[in-house]
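Read the structure below first, then the notes.
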2 protein chains.
Amino acid sequence: MSRAATLGERIRGEIETRILSGEWPPGHRIPFESELSALYGCSRMTVNKVLAGLAEAGLIERRRRAGSFVAQPALQSAVLRIPDIPAEIQGRGEAYAFELIDRRTRESGAHEPPAAGLMPGLALLDLTCRHLADGRPFAYEERLISLAAVPAAAQADFTAVPPGTWLLQHVPWTQAEHRITAVNAAPRLARALGLPAGGACLSVERRTWRGPETLTYVRQTFRGDAYSLGARFSP
Amino acid sequence: MSRAATLGERIRGEIETRILSGEWPPGHRIPFESELSALYGCSRMTVNKVLAGLAEAGLIERRRRAGSFVAQPALQSAVLRIPDIPAEIQGRGEAYAFELIDRRTRESGAHEPPAAGLMPGLALLDLTCRHLADGRPFAYEERLISLAAVPAAAQADFTAVPPGTWLLQHVPWTQAEHRITAVNAAPRLARALGLPAGGACLSVERRTWRGPETLTYVRQTFRGDAYSLGARFSP
DNA sequence: TAGTGGTCTAGACCACTAA
DNA sequence: TAGTGGTCTAGACCACTAA
């Protein structure tokens with residue numbers, strides 16, 4: 001089945017076990033690199049790579065001259081997968097469909113969403129669209145794309161490929177910021193999602209950069225009764 | 001200011017720049033370790049650590065005998081900080097208060113939340129409580145703690161320390177699963193949060209394990225108009 | 001100022017796998 | 001089967017910092 005563990009993996013496993021079992025509580029000093037290399041009969045480099053990995057994972061903290069210490073339990077955090085909507089729907093075994101409701105080119109003004117962080121006077125592509133799963137409304141999407149940062153978007157055919165998927169395939173990004181909120185559906189949104197007015201929706205806002213430049217800002221709104229975000233995490 | 005970059009950091013930066021600028025697109029084969037070590041005049045070990053780091057970060061994929069390749073753009077994902085509620089509120093400069101509404105010891109039955117993954121017949125501590133910011137309702141919390149896994153919880157004083165904070169300080173965990181949804185507040189919940197019935201709320205469910213054993217299951221419900229989850233992420 | 005961690009070298013052997 | 005990446009060795013020098 002699984003190949004034999006390497007020496008580094010074995011050392012890492014034994015240290016992790018002592019930490020996670022509580023045998024080495026937060027603040028406990030773990031053996032120095034020199035002690036561990038003597039203990040396992042290996043070079044210090046092998047131990048160094050193990051401890052560097054544990055530090056990167058947040059399980060230990062390392063201080064020159066002082067040693068390595070079991071870290072205080074991390075604030076819980078979760079790696080959340082922000083899905084590509086077509087892939088998400090097809091992964092459920094449902095038929096994906098996409099509607100481009102509106103597409104216009106305009107300049108950014110004073111009333112852009114503050115979270116978009118767009119200066120006035122930028123050339124924008126302003127898109128409104130809807131994602132459907134098995135013919136039922138799944139998500140409503142409002143998106144702004146900076147044409148200065150992504151000029152090729154002006155020629156893209158967003159009736160054929162949803163803009164999120166197109167961007168993922170064509171434009172590298174360096175940073176993204178997300179904001180997840182719950183909102184009561186306003187009448188227009190409720191109609192678009194096939195919900196009673198006031199129905200709870202999950203709103204995911206995302207702003208994506210390349211370097212200092214905002215590439216795109218999007219707000220995707222999902223029916224609260226049909227969608228949830230899931231995440232699994234280890235410390 | 002910042003100290004000079006090490007050679008490894010410089011190599012990593014130059015490769016990242018080529019990938020993120022699109023000069024090396026997805027699927028592009030990057031130079032072999034031997035080529036890079038010749039190019040930078042360093043040992044192969046130095047290059048190996050750089051490429052291993054890039055692979056761990058998901059920017060490249062490595063295949064024996066074939067080489068290292070720029071990875072397809074990652075599905076967007078986000079590192080979400082699941083906050084310790086008292087720390088979150090105090091971080092906003094607001095006064096934190098906590099109310100323990102109900103505390104009982106009971107056995108798990110057939111009607112536990114399916115996401116809790118609790119077998120029937122387990123000894124449970126069942127807690128209901130409310131978090132307040134500057135005297136206003138902030139979050140409603142329903143929590144189950146397995147007394148088999150965390151016997152010390154039976155003696156803890158949860159009128160003084162909220163259970164989430166107590167657990168974070170006392171119990172190491174190995175894995176957590178989260179589920180984030182939007183819900184319309186049912187009448188009882190709306191009263192507890194000071195919302196009109198049907199108001200949108202953000203619900204965060206979390207199940208936490210140590211090894212194979214469930215430690216705790218919690219559902220925290222936040223006023224949608226007063227709370228959002230934020231996340232910042234690089235690929 | 002003494003001792004830790006951070007980084008690097010110049011090798012080595014091997015598992016894996018694409019050709 | 002040839003060549004890559006994966007891992008390891010036995011050193012070295014240095015920056016940083018706790019004592």
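Nothing here was measured: the structure is a model prediction, and the numbers come from that model. Below, all heavy atoms of this structure are taken into account, side chains as well, without hydrogens, waters or symmetry copies.
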Sugar-phosphate, base or nothing in reach of A/Leu51, heavy atoms under 4.0 Å: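 Touches nothing.
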
Sugar-phosphate only, base, or nothing, as touched by B/Ser68 at under 4.0 Å among non-hydrogen atoms: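 The residue B/Ser68 makes sugar-phosphate contact but no base contact.
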
Mutual orientation of the aromatic rings belonging to A/Tyr96 and A/His131 [parallel < 30°, tilted 30-60°, perpendicular > 60°]: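 Rings of A/Tyr96 and A/His131: tilted, 30 to 60°.
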
Backbone of B/Gly13 reached by a side-chain donor or acceptor of B/Thr17 within 3.5 Å: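 Yes: the side chain of B/Thr17 pairs with the backbone of B/Gly13.
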
Phosphate OP1/OP2 of D/dC8: any A/Thr6 side-chain N/O under 4.0 Å: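 It does, given that an N or O in the side chain of A/Thr6 lies less than 4.0 Å from OP1 or OP2 of D/dC8.
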
Side-chain N or O of B/Arg63 closer than 4.0 Å to phosphate OP1/OP2 of D/dT4: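 No, no such contact exists.
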
Round to the nearest Å and state the distance from [X] atom [atom1] to [N] atom [atom2].
X       : N      : atom1 : atom2 : answer
A/Leu36 : C/dT4  : CG    : C1'   : 13 Å
B/Leu7  : C/dA10 : CG    : P     : 12 Å
B/Lys49 : C/dG6  : NZ    : C1'   : 8 Å
A/Ile30 : C/dG5  : CD1   : C1'   : 12 Å
A/Asn48 : D/dC8  : CG    : P     : 13 Å
A/Ile60 : C/dT4  : CD1   : C1'   : 13 Å
A/Phe69 : C/dT4  : CZ    : P     : 11 Å
B/Arg10 : C/dT7  : CZ    : C1'   : 15 Å

Watson-Crick/G-U partner (both atom distances under 3.5 Å) of C/dA12: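 Pairing partner, where one exists within any strand: D/dT7.
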
Pair partner, D/dA18 [Watson-Crick or wobble, under 3.5 Å]: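 WC or wobble partner is C/dT1.
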
Can you find a side-chain donor-acceptor pair between [X] and [Y] that sits under 3.5 Å?
X        : Y        : answer
A/Gln220 : A/Tyr227 : no
B/Ser37  : B/Arg44  : no
B/Tyr40  : B/Glu35  : no

5' precedence on DNA chain C between A/Arg65 and A/Met45 (nearest-nucleotide basis):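 Comparing both residues, the 5'-ward one is A/Arg65.
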
Upstream residue (5' side of DNA chain D) when B/Gly67 and A/Thr46 are each assigned their closest nucleotide: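 Counting from the 5' end, the first nearest nucleotide belongs to B/Gly67.
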
DNA chain D: 5'-proximal contact among B/Arg64 and A/Arg64 (nearest heavy atom):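 It is B/Arg64 whose nearest nucleotide is closer to the 5' end.
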
